[in-house]
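First the structure, in the form of structure tokens, and then the observations on it.
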Amino acid sequence: MIDQDSNGRALHLLETVFGYPAFRGQQAEIVNHVANGGDALVLMPTGGGKSLCYQIPALLRTGVGVVISPLIALMQDQVDALAEVGVRAAFLNSTQTYEEASRIERLVRHGELDLVYVAPERLMTQRCLDLFQGSKIALFAIDEAHCVSQWGHDFRPEYIKLSVLHEQFPDVPRIALTATADHQTRAEIALRLQLGEARQFVSSFDRPNIRYRIVEKTNGRKQLLDFITSEHGGDAGIVYCLSRKKVEETAEFLNENGVRALPYHAGMEYPRRSANQSRFLREESIVMVATIAFGMGIDKPDVRFVAHLDLPKSIEGYYQETGRAGRDGLAANAWMAYGLQDVVLQRRMIDESEADETFKRVLSVKLDAMLGLCETLSCRRTRLLEYFGEAATPCGNCDTCLVPPVSFDATVPVQKLLSAIYRVDQRFAGGHVIDVLRGVESERIKLWHHDRLSTFGIGSERGEAEWRALLRQAIALGLVTVDHEQYSSLKLTDAARPVLKGGQKVQLRQYQKPIKQKRATSPAKGHVDTDLSAQEQSIFDKLRGWRVETARTHNVPAYVIFVDATLREIAKAKPASLNELRGVTGVGEKKLASYGDDIVAMIREMF
């Protein structure tokens, strides 16, 4: 048991070890609950400080804190980051030799570690379970707990076996943590990990520093390049693509156009994939182009944008991926290019899935919610938060708030579209139907005598792009479906009948021609630095240069030394002594001892 002064001790550790003056949100309550032996299920957004919720209780309690994480490739960086603040940490995974693993096991048995990271597969070995049975364990932290849910977006079958912790270690507190889970996923986490009696802590899902923007896809790669060069030149970012081939092609395209980009997907050889991840974490100004195989647990705090060139499968996936931007709390962008083909492709993937009908229905519901977010006429942030059961008011920091879309009564044009699909016997794909509506006299149209139809040319007042936008929204609304077994032919659903009969009106987003973004004449140094004076910016730039060299010497990512937000605070504070530096957020006692003299001397030289 922890003494009654655990709150005071926790705050002391927060200040002296991690360099933060106060807990945020529910952190203090969670830390106190777990430190005193309670089980917890914690939902907290990426960048919200989940790791402190188990790290500090592990330091307060007797024994070793065991962190179960699927992120073997990132364990070294996590351990290095803890070492920088003076916490005794290590990992056990398949990358180690027998001798290395044996040495870590001895440290665990003798209580000479504060935290040890293990993958779930490693934990389930008899050797590992015997090790923990024979050691004093402070707590078990199950990170990325949404991986246990078969309904979730990142299911890992090995997570299901983690109920063994409750069975074999009934007196050791467990804390399960995730950044994203709807009600169904949350219930499954509690059920499968036997955390039914655990206290649940659900923080706000809002990430107010992220600006959400979804644009009509015309030429996705070109639009992406314009977005990066006009708004994020020189910034670190992540670009998500659906296929491995598209990842490679997009990375090559960006490099050819002056953007330092690296590919990452599960089909790459492990050494290359690992090297690219390491470069992204340790170097400045790199854009990672990846499938969703990349990103879980990435702690890089200065990712200034996350872009999607393909539609995510669910809001959970989208939220998790966009949440990797702006972990430092500074301004960041979540940008997506989205078009008709995205809707068609995702529907086809569900239809062709080998999953049972129940699972397909779940996937369809999740996709419908994602489409609703893309097509919404209201605040995107409100729609996003409502999905997770959180009420919100318009944010003023998303595209639909900043430039409100124009809605219009689309009943007549949608009736024309549905009629054209019906008149071609529901046997043709979208391009052909749109040609009929626009009155295009192509050879194919004439071959099928579709130029004689009553619907031929009845939509000539609208361009192809506008009709494609209307078709996309009709599919998203469930009025039209795509039959992938018959050459992607369009079919009317039962929901189309009342619209065709005039008994139901349809309100849609007015098509707006994409605005060409102007490229920046020179690479931006990061749009978040505008509140620094010229003198402070000079200090900040010099500190960043020092950080790069220091990180290289220590062989750790630059943010492990100090994050940008801390360097900005130092630049503003201009500390002339170690005591003045001590009060800066992110500067704990270990880092003060390691780097304080260098920083103070550097600032003195500038004045």
Side-chain angles (χ1 to χ4, degrees), residues 30 34 38-46 48 50-51 53-54 65-75 78 92-93 116-125 128-129 132 137 139-170 172-203 205 266 292-293 295-298 312-321 323 353 355-356 358-359 361-363 365-366 387-389:
I30 297 167
V34 177
D39 293 334
L41 173 55
V42 175
L43 280 84
M44 190 177 288
T46 302
K50 290 189 297 296
S51 58
C53 294
Y54 60 80
V66 178
V67 185
I68 297 128
S69 167
L71 313 167
I72 289 177
L74 294 174
M75 286 182 183
Q78 291 165 329
L92 284 169
N93 65 40
V116 63
Y117 288 76
V118 296
E121 301 92 336
R122 181 65 168 243
L123 176 75
M124 295 312 302
T125 64
C128 196
L129 289 171
F132 294 148
I137 304 301
L139 57 81
F140 288 105
I142 304 166
D143 204 7
E144 310 291 354
H146 61 273
C147 292
V148 78
S149 173
Q150 295 187 77
W151 307 114
H153 60 280
D154 201 1
F155 174 59
R156 306 287 180 98
E158 60 269 16
Y159 262 66
I160 291 178
K161 301 174 184 177
L162 294 181
S163 59
V164 71
L165 297 176
H166 173 69
E167 296 155 7
Q168 295 198 20
F169 304 89
V172 177
R174 291 168 298 139
I175 174 172
L177 310 100
T178 181
T180 170
D182 59 10
H183 290 293
Q184 185 178 27
T185 302
R186 201 181 310 168
E188 190 172 2
I189 291 171
L191 175 67
R192 292 192 176 277
L193 296 181
Q194 297 191 39
L195 286 169
E197 302 300 314
R199 186 172 169 188
Q200 293 194 14
F201 297 87
V202 182
S203 301
F205 285 88
I292 58 172
M296 186 192 292
I298 290 294
K313 298 176 182 178
S314 67
I315 286 184
E316 292 101 320
Y318 175 72
Y319 179 83
Q320 182 95 351
E321 289 146 24
S353 166
D356 60 32
T358 300
F359 194 67
R361 280 195 297 272
V362 171
L363 294 177
V365 169
K366 289 180 180 292
Y387 179 83
F388 292 108

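Since this is a predicted model, take the numbers as computed values, not measurements.
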Check your understanding: Tell me, do Leu41 and Ile189 make a side-chain contact under 4.5 Å, heavy atoms counted?
Key -> yes
Review point. Side chains of Leu363 and Lys313: does their closest heavy-atom pair fall under 4.5 Å?
Key: no
Revision key, fill the gap. Shortest non-hydrogen pair, Ser163 vs Arg192, comes out as CB-O, 3.4 Å
Review point. Is any side-chain heavy atom of Phe132 closer than 4.5 Å to a side-chain heavy atom of Leu123?
Key: yes
Check your understanding: Could you give the distance from OG1 (Thr178) to CD (Gln320), rounded to the nearest 0.5 Å?
Key -> 6.0 Å
Check your understanding: Once you round to the nearest 0.5 Å, how far does CD1 of Ile72 lie from CE of Met75?
Key -> 5.5 Å
Review point. OH/Tyr117 to OG/Ser69 distance, rounded to the nearest 0.5 angstrom?
Key: 8.0 Å
Practice item. Indicate yes or no for a side-chain donor-acceptor contact from Thr125 to the backbone of Arg122 under 3.5 Å, with no hydrogens or angles considered. Key: yes
Practice item. Using a 4.5 Å cut-off on heavy atoms from C-beta on, say whether the side chain of Val118 contacts that of Val66. Key: yes
Practice item. Mind checking the SG-CD spacing from Cys128 to Glu121? Nearest 0.5 Å is all I need. Key: 11.5 Å
Revision key, fill the gap. For Leu177 and Ala141 the tightest heavy-atom approach is CD1-CB, 4.3 Å
Practice item. Report yes or no: do Tyr387 and Glu316 form a side-chain donor-acceptor pair below 3.5 Å? Key: yes
Check your understanding: Roughly how far, to the nearest 0.5 Å, is the CG atom of Leu193 from the CG atom of Leu165?
Key -> 8.0 Å
Study note, to complete from the structure: Residues at least two apart in sequence or cross-chain that pass side-chain contact (heavy atoms from CB on, under 4.5 Å) with Glu197, listed by chain then number, are none
Practice item. Begin with the C-alpha distance, continue with both residues' side-chain angles, and end with the deciding distance and a verdict on side-chain contact (heavy atoms from CB on, under 4.5 Å) for Met44 and Cys53. Key: CA-CA 10 Å; Met44 190 177 288; Cys53 294; 3.9 Å; yes
**Study point:** Set of residues satisfying ring pair (Phe, Tyr, Trp, His ring centres under 6.0 Å) with respect to Phe205, sequence neighbours excluded
**Key:** Tyr319, Phe388
Practice item. Check the pair Phe201, Leu43 against side-chain contact (heavy atoms from CB on, under 4.5 Å), reporting the backbone distance first and the verdict last. Key: CA-CA 6 Å; Phe201 297 87; Leu43 280 84; over 6 Å; no
Exercise for review: Would you give the length of the straight line joining atom OG of Ser314 to atom NZ of Lys366, rounded to the nearest 0.5 angstrom?
Suggested key: 6.0 Å
Study note, to complete from the structure: The single option from Val42, Leu139, Asp39 that satisfies side-chain contact (heavy atoms from CB on, under 4.5 Å) with Val34 is Leu139
Practice item. Go through Glu144 and Tyr159 one step at a time and tell me if the side-chain contact (heavy atoms from CB on, under 4.5 Å) criterion holds. Key: CA-CA 10 Å; Glu144 310 291 354; Tyr159 262 66; 4.1 Å; yes
Check your understanding: Is there side-chain contact between Val148 and Leu162, with heavy atoms separated by less than 4.5 Å?
Key -> no
Exercise for review: Look only at the side chain of Arg174 and the backbone of Gln194, and say whether a donor-acceptor pair between them is shorter than 3.5 Å.
Suggested key: yes
Study note, to complete from the structure: Correct closest heavy-atom pair for Ala145 and Ala176 would be CB-CB, 3.9 Å
Point to revise | For the student: nearest non-hydrogen atoms of Ala198 and Ala40, plus distance | key: CB-N, 3.9 Å
Review point. Pro45 and Ser203: which non-hydrogen atoms are nearest, and at how many Å?
Key: CD-CB, 4.1 Å
